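The next block holds one structure in the form of structure tokens; read it before the comments.
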Amino acid sequence: MPYDAPIDQMRLTLERVGRLHEINGGAQAPDLDKETVTAILEEANRLARDILAPLNSVAHREGARLTGEGVIAPPGFRNAYGAFRDGGWMGLAFPHEYGGQDLPKALALAVMEMIHASNMAFGLCPLLTFGAIEAILAYGTEDQKSAYLPKLISGKWTGAMNLTEPQAGSDVGALRTKATPNEDGSYSLHGQKIYITWGDHDLAENIIQLVLARLPDAPEGSRGVSLFLAPKFLIDRNGALGERNDFRCIGLEKKMGIHGSPTCVMEYSGAKAWLIGEKNRGLAAMFTMMNSARLNVGLEGVAIAEAARQSAILYAGERRQGSATNIEGPAPIISHPDIRRSIGRMTGYVRAARAICYACGAAADRARHAEDAAERETSRLREDLLTPIAKAWSTDRGVEAADINVQIHGGMGFMHDTPAAQLYLDARIMPIYEGTNGIQAIDLVGRKLAQSNGQGMWDMLQEIRGNLSKARQSNNPYLLAACENLEAGTEALEEATGWMIQHMRTDRDTALAGASPYLRLAGDVIGGHYLTVLAMEQQDESLSTAALATAAFYCEDTLAGVRGRALAVTRSSRVVSEMSEGLCSR
């Protein structure tokens, strides 16, 4: 499956939306100039284009295998992982102290977009390792950090998150895995976990499992959950690998897509583990992992949308059918207006989603590294606000882009072994991962709007209005037309935000019934805002034309329905709340 990263678009988004040049001046990356950024992106593209993309269809056909020796990754993955590890890609955004490169998170996201776009099944392995690293950084002891972080950040070891159990699903408070204290300060784990992505494999010499479990005296529910670290191979005081720990993959889930990514059923039979963080406070550490994973899963939505867009353009340029103006004989279907409109919609989705995800990463950078305390707090609110939107809106648009790609391919897109079909099958897990998109919507209205009376969203809306004023100074009719629709979208989002904050206090069920359309509205408007920012003040003529066309079409197309989306928040949610029995009856 061919793939070539849109480096100019990615760099433009990093600069214009992520304002990477402002991060460059700090201690985080003092020598990160435009040429260095370009070199990093080009080198990552070589890995994605030349090594990972050719393995994508192979992994889809062959899948991972469970043997008596454990899980074996698809053909070619072991060498590909060696190239990923040796290139230092795992440690881009992590601290120098533990062997990382301390580069901005936004830049690391751009690199991972290429990995996921070329081979999503492969990209899930580092994605889970990132979450493990974040949790140990935030909650590990100094001994745990020094023992595990250098190997994880180097890519020599990988990490996995063990949360879900057959009876629990998204309700982690219902989990039953037990952790029994040992005399040496460690714990013994007993239980079973399901849906464990890259829980076992042969790519790295050790796998560090982070496992949610209950202590014997733990209270019921989510308040009684603790987090434990269990390595596949135990290590001695010098960090050398010792005996195999007592847990195994006992089955591989048979999935719709991402066949190259092993999704394991893990059995813990007295596995030795160590507490991460405080007893019965595992949810806090879990959410550190989850927030890292949520943004990276949102980035998968960007990646799949980009891969689907490239697939659609390639096929539509080669497939000839029907007649078109000024073309003799059968015309490439990309000449037909409806196909061009469909590709235009994919273009708007992928570039808006990319901007949302990069903006979220840049906010995380500033929340951690800005010198001014007020800027750190404002950036934290922005990161918190954008995280559920990045995850849910971007993955929904990724699935939609993959669906459009199948439609453009016609009957060929429905064939099992085609790239269009694989992208769609791979994409469908994204809205389910790391808390379903409905849960993201509940998080947005129940937590993020609740913070400081919705201050994060009001700040976002104020920024949109400021950029609208700047954009209106243009004489370009397409940009001015985009501003009209963005203005309407901003008003609709303001109205829906006020309604949501009020009803979360007075009528929570009705408010929650409107949570998903509210998140969709927020993503539509914020995405349109970032596309408008990208269309302003461009120097490069080709990039300027593309950015202007994307913003103009998106704002005329996607934002044309914002009033209806606002009504879906404020009105249809009342019907769901008051007449749910009629809606859900058999």
Side-chain angles (χ1 to χ4, degrees), residues 51-52 55-56 58-60 62-67 69-85 89-91 112 115-116 118-136 148 151-165 192-212 229-233 244-245 247-268 271 286 289-290 292-297 299-300 303 426 429-430 432-434:
I51 296 177
L52 295 176
L55 298 174
N56 201 21
V58 175
H60 184 64
E62 301 291 334
R65 296 181 295 113
L66 179 59
T67 72
E69 300 301 315
V71 176
I72 306 299
F77 269 37
R78 188 174 176 87
N79 288 338
Y81 184 79
F84 176 86
R85 178 197 61 225
W89 299 112
M90 191 79 82
M112 282 307 299
I115 304 300
H116 289 305
S118 61
N119 197 319
M120 178 178 158
F122 178 94
L124 284 163
C125 184
L127 185 155
L128 273 300
T129 306
F130 295 155
I133 292 169
E134 296 270 13
I136 297 171
Y148 294 101
K151 298 291 180 64
L152 287 168
I153 288 172
S154 71
K156 193 170 185 179
W157 297 350
T158 66
M161 295 164 53
N162 288 246
L163 312 181
T164 307
E165 297 181 10
Q192 188 179 104
K193 299 287 185 176
I194 62 172
Y195 302 152
I196 308 307
T197 303
W198 286 97
D200 190 34
H201 58 82
D202 62 337
L203 303 187
E205 66 179 26
N206 206 1
I207 305 170
I208 309 305
Q209 309 278 351
L210 294 187
V211 186
L212 285 181
L229 182 155
K232 180 177 178 179
F233 292 96
R244 172 73 187 263
N245 208 348
F247 62 82
R248 296 288 188 281
C249 172
I250 61 172
L252 290 180
E253 308 286 4
K254 296 181 179 179
K255 310 185 295 293
M256 176 189 292
I258 53 167
H259 299 153
S261 171
T263 305
C264 303
V265 179
M266 302 298 297
E267 182 77 28
Y268 291 84
M286 183 199 75
M289 293 188 290
M290 292 285 279
S292 169
R294 283 171 176 172
L295 176 54
N296 278 283
V297 169
L299 193 73
E300 288 181 335
D426 287 352
I429 188 61
M430 301 183 306
I432 298 171
Y433 267 150
E434 309 308 335

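Fair warning: this is a prediction, and the values are worked out from it, not measured in the lab. If you read the sequence from its start, that first residue is 1, and numbering goes on from there.
- Between F122 and Y81, the ring planes lie tilted relative to each other; the angle falls in the 30° to 60° range.
- Counting heavy atoms of neighbouring residues, nucleotides and ligands inside a 6.0 Å radius, atom OH of Y433 exceeds 12 of them.
- Using a 4.5 Å cut-off on side-chain heavy atoms (C-beta onward), M430 and M120 make contact.
- No more than 12 heavy atoms of other residues, nucleotides or ligands shown are found within 6.0 angstrom of CZ on R65.
- Put simply, the side chain of V58 does not reach to within 4.5 Å of the side chain of P74, judged on heavy atoms.
- No donor-acceptor pair closer than 3.5 Å links the side chain of T263 to the backbone N or O of Y195.
- Put simply, the side chain of D200 gets close to the backbone of V71: a donor and an acceptor are under 3.5 Å apart.
- For the pair L212 and K193, the minimum side-chain heavy-atom distance is below 4.5 Å.
- Without hydrogens or angle criteria, N245 side chain to A271 main chain gives no donor-acceptor distance under 3.5 Å.
- For the pair T158 and L203, the minimum side-chain heavy-atom distance is 4.5 Å or more.
- Between H60 and H259, the two ring planes are parallel [angle under 30°; tilted spans 30° to 60°].
- Between the side chain of N119 and the backbone N or O of L52, at least one donor-acceptor pair lies under 3.5 Å.
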